[in-house]
Amino acid sequence: MSRTLIFCTSYSASAETWTMRYRLWLNAVLSGDIRHDHIVIMDDASPVLPDWSDTRIITNPMDAPVPGTVSLFHFNKRLGRQAGTVYPGWSRSFAFAARFAISNGFEKVVHIESDAFIISPKMTHYINDLDDGWVAPSIISHEMPESAIQIIAGESMRSYHEFSDMRYSPAIGIEAEHVIPFTHIERRFKGSRYGETMTTVPRDADFVTQARPAQVGGRDYYWWLKPDIFPFP
Amino acid sequence: MLLLVTTGEPDIGSSPADGPDDQLRPPGAGGMADMAMTAPPPGVLFDEAWYLAEYPAVAEVVRAGGFASGWHHYLLHGKSEGRQPASLTRIAEAMEQAGTSDAPASDSSPFWKHNGSGFLSPEDLNVTPIGARRIALLGSGKPDAWRMFDIASRNISIDLIATEPDHEPFALSRDEAARYDFVVVKVALADVIGDDDNQGLPYDDLAAHAAAFARIRARLKSILTRWLRWNREHRTLTFVANFLVPQNNGMGRLYPRHDLRNPDFMIAELNRYLEYFVHQHQNAYVLNIDRIGSSAGRRFFQSDLLFPDNDGDLLNPDFHDPGWIEPLASLAEHYEVKGHRVFSRMVWSELWAMFRSARSVDPIRVVAIEPVDLLWRSGTGFKGPDEVLRHDGWPDGVTEALRVLQKRGIRVTIVTQNDPAFITHHLADIFRSRSFPGQMPEIRAGWDSKGAMMRDLLEESQISSRQALYIDPDPAEQAAMRAAFPDMRILGGEPYYLRRILLGAPELQHAADDGGPFQTGLPSAENAVQDKGGPMSDTALERAKQTLDGLWLKAMKNTLTSAEADDIRRLSMAIAVTLRGIRRVRPFKDWATK
């Protein structure tokens with residue numbers, strides 16, 4: 001069984017957003033069935049940080065994860081995103097996650113953005129069973145791989161490591177989907193950036209990205225989550 | 001033959017007879033009796049020393065006794081020859097002192113702010129001073145007819161590039177092109193429509209008129225193809241002026257308007273083609289001087305009062321024909337020729353506005369508005385005696401403007417201290433009425449302070465307060481919001497200005513071929529880091545990449561300083577602009593409507 005790291009990227013200017021968005025995501029992952037050994041949140045220098053008992057904030061790249069906790073790696077200066085295809089903040093977090101994974105002996109990385117959720121058992125099993133490749137699901141609406149959900153395992157961990165060592169400048173101005181060396185785009189799952197255009201998530205979706213509950217209401221939006229995991233009323 | 005000169009050089013430039021301001025006009029213009037004066041009367045701008053130094057040949061003739069003074073020469077010949085009465089700096093200073101706008105110089109009231117040159121391009125939301133340092137004005141005929149003086153005082157260098165219709169402008173290296181913040185292309189209508197193109201055609205020969213228009217259009221295409229060279233080669237930001245459409249239906253008011261046999265329609269159609277052509281180019285846009293002319297009042301300046309339709313230029317208020325046996329009085333004694341000054345300033349205001357929008361200077365991504373009084377009347381009772389909410393008339397104009405902002409991708413939010421159910425009900429009534437079908441903007445109504453609601457909105461949008469606009473007619477609420485967010489832009493003091501500002505302010509606009517600064521996705525506070533520069537030179541690009549990649553190593557070690565993080569953001573954007581052209585981002589979809 002591959003030693004697996006799950007990570008997302010983060011930035012929040014308020015405690016409330018930490019709760020409404022990131023804690024919810026964390027609870028969903030912790031209570032879900034995607035096998036993992038550790039979770040790390042790569043934080044792009046948020047001005048406030050959460051005070052969660054199970055989460056350990058680290059700033060030193062050499063710090064090792066402590067079993068039984070969630071790591072929140074806090075960058076000291078924000079890089080953010082300046083335009084649709086200019087996103088140094090995300091690029092740094094994504095690359096740093098590779099170094100974090102390699103240096104701490106992880107053999108598989110599952111990247112699920114904080115506004116993305118794996119809904120169906122079918123997709124969960126797929127993620128758990130995947131042991132080689134750099135895979136993303138396709139989203140029909142955009143006819144492209146969804147970089148908000150990625151699974152990297154086996155030989156592709158080497159590619160991920162190499163990717164993290166690349167210079168940043170060649171990637172500027174290019175969509176992440178065209179920079180990342182996916183080995184396979186998985187088209188068997190139904191999912192999309194539903195939050196862009198819809199106020200609900202279809203009942204038969206396997207995954208959702210860009211979930212935007214703040215625009216449409218609270219718990220009802222997340223019909224697939226267990227009621228007891230919500231960090232808000 | 002191409003001629004490159006700058007505003008600092010005298011031989012090309014606006015004709016002094018085309019003088020920018022009444023202050024520059026000699027007394028008794030048009031009369032002959034006072035031409036022997038040796039010095040200008042008080043209050044008239046003429047710099048004798050500068051004039052003689054600038055025009056040595058004139059100085060020599062004056063020394064030889066041919067003229068009593070430089071002023072004497074200027075009156076008799078210099079003015080009609082296109083010589084300047086003083087340095088541009090001096091002229092600019094004089095105009096500043098005299099008040100260059102159509103407003104009284106001493107009057108800085110909001111009335112003039114909104115009725116002057118900024119009428120179409122309101123500056124109410126400007127924060128950052130204009131960043132343009134060097135521009136080029138490329139054209140044939142009189143490329144400087146819009147007057148340089150107005151902007152000369154802003155320390156902007158302007159290159160006037162006179163070229164011919166069948167010539168390309170000279171090649172620029174990438175470094176040279178990068179020095180221009182933008183280029184204005186002004187094609188003379190006379191270079192496109194010849195006198196014989198359509199004037200001699202019989203009216204009933206529609207096919208001949210259509211063929212003439214095809215030739216004219218091909219001529220325009222040929223010129224623009226050549227003159228947009230810098231845009232094609234370097235993607236230089238370029239504004240192409242269209243043409244002033246004549247004021248009259250040339251055939252007569254009882255003839256069809258939309259018919260190619262009508263010269264005024266033919267020019268309107270030419271404008272349509274010009275826009276089509278320009279929009280085939282990245283980073284090139286139409287400078288709609290025809291629309292500006294309509295707003296400024298074309299009867300006050302448009303040359304078709306005297307000259308053929310294909311002159312397409314501005315009237316000179318000092319125009320007189322010296323060839324008559326009996327001297328003619330100046331044109332200004334027969335017509336109210338005053339609008340040229342307003343028009344020129346409006347053209348420049350529009351250019352600055354276009355530049356600001358194209359470069360995303362001070363963009364606003366979120367507009368929050370208090371609906372009471374602004375979207376319906378009567379702040380206390382909410383309803384009229386017939387229990388109907390009053391929202392006809394100008395509040396409908398504001399509502400419509402908000403819908404336009406939503407279409408542009410700006411997040412529009414109602415922020416009000418009120419019962420959410422009440423607000424939702426009535427806004428639904430407004431936004432789903434016959435006039436404004438569709439969805440409502442999002443609503444933040446409740447009993448929290450508006451400041452708290454605004455803070456939530458900003459956090460959720462993940463933008464800084466300086467990218468937001470708050471609109472509230474209540475001065476106390478404005479003050480409270482200003483105290484909470486000192487750098488937020490706030491409007492509402494005078495609702496009559498509101499619709500115009502929302503529709504015209506460059507900070508609320510973006511280029512049509514750019515997803516705009518209003519992208520969704522993973523937004524960040526660093527959206528405040530804006531692209532204010534054009535493409536870099538090859539050398540600068542390589543240096544930027546090296547610097548960035550060096551900083552990237554530090555970023556991965558988590559040891560960046562604030563300045564270094566700023567550099568990464570700035571360099572990233574600059575490289576993106578250079579390598580990928582203007583920002584192309586995913587169109588905004590989800591915030592436009594709830």
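Lettering of chains follows the sequences in order, A, B, ..., and the numbering in each one begins at 1. Remember, predicted model here, so these are calculated numbers, not experimental data. Keep in mind that the numbers below use all heavy atoms, side chains included, and drop hydrogens, waters and symmetry copies.
Heavy atoms closer than 4.5 Å to chain A are found in both the backbone and the side chain of B:L560. Both the backbone and the side chain of B:N558 come within less than 4.5 Å of a heavy atom of chain A. Only the side chain of A:P61 comes within contact range of chain B, with heavy atoms under 4.5 Å apart. Both the backbone and the side chain of A:T59 have a heavy atom closer than 4.5 Å to some heavy atom of chain B. Both the backbone and the side chain of A:S91 come within less than 4.5 Å of a heavy atom of chain B.
Top candidate by heavy-atom pairs under 4.5 Å with chain B, chosen from A:S93, A:P88, A:A13, is A:P88. Counting heavy-atom pairs closer than 4.5 Å to chain B, the top-ranked of the candidates A:S12, A:A148, A:G173, A:G89 is A:G173.
Using a 30° and 60° split on the angle between ring planes, A:Y87 and A:W90 fall in the perpendicular class, above 60°.
Residues that satisfy the side-chain contact (heavy atoms from CB on, under 4.5 Å) test with B:T561, not counting sequence neighbours, are B:A563, B:E564.
In this structure, B:F355 has its ring center no closer than 6.0 Å to that of B:Y285. Aromatic ring centres of A:F73 and A:F7: separated by at least 6.0 Å. Ring-centre distance between A:Y222 and A:W224: below the 6.0 Å cut-off.
For the pair B:W552 and A:R92, the minimum side-chain heavy-atom distance is below 4.5 Å.
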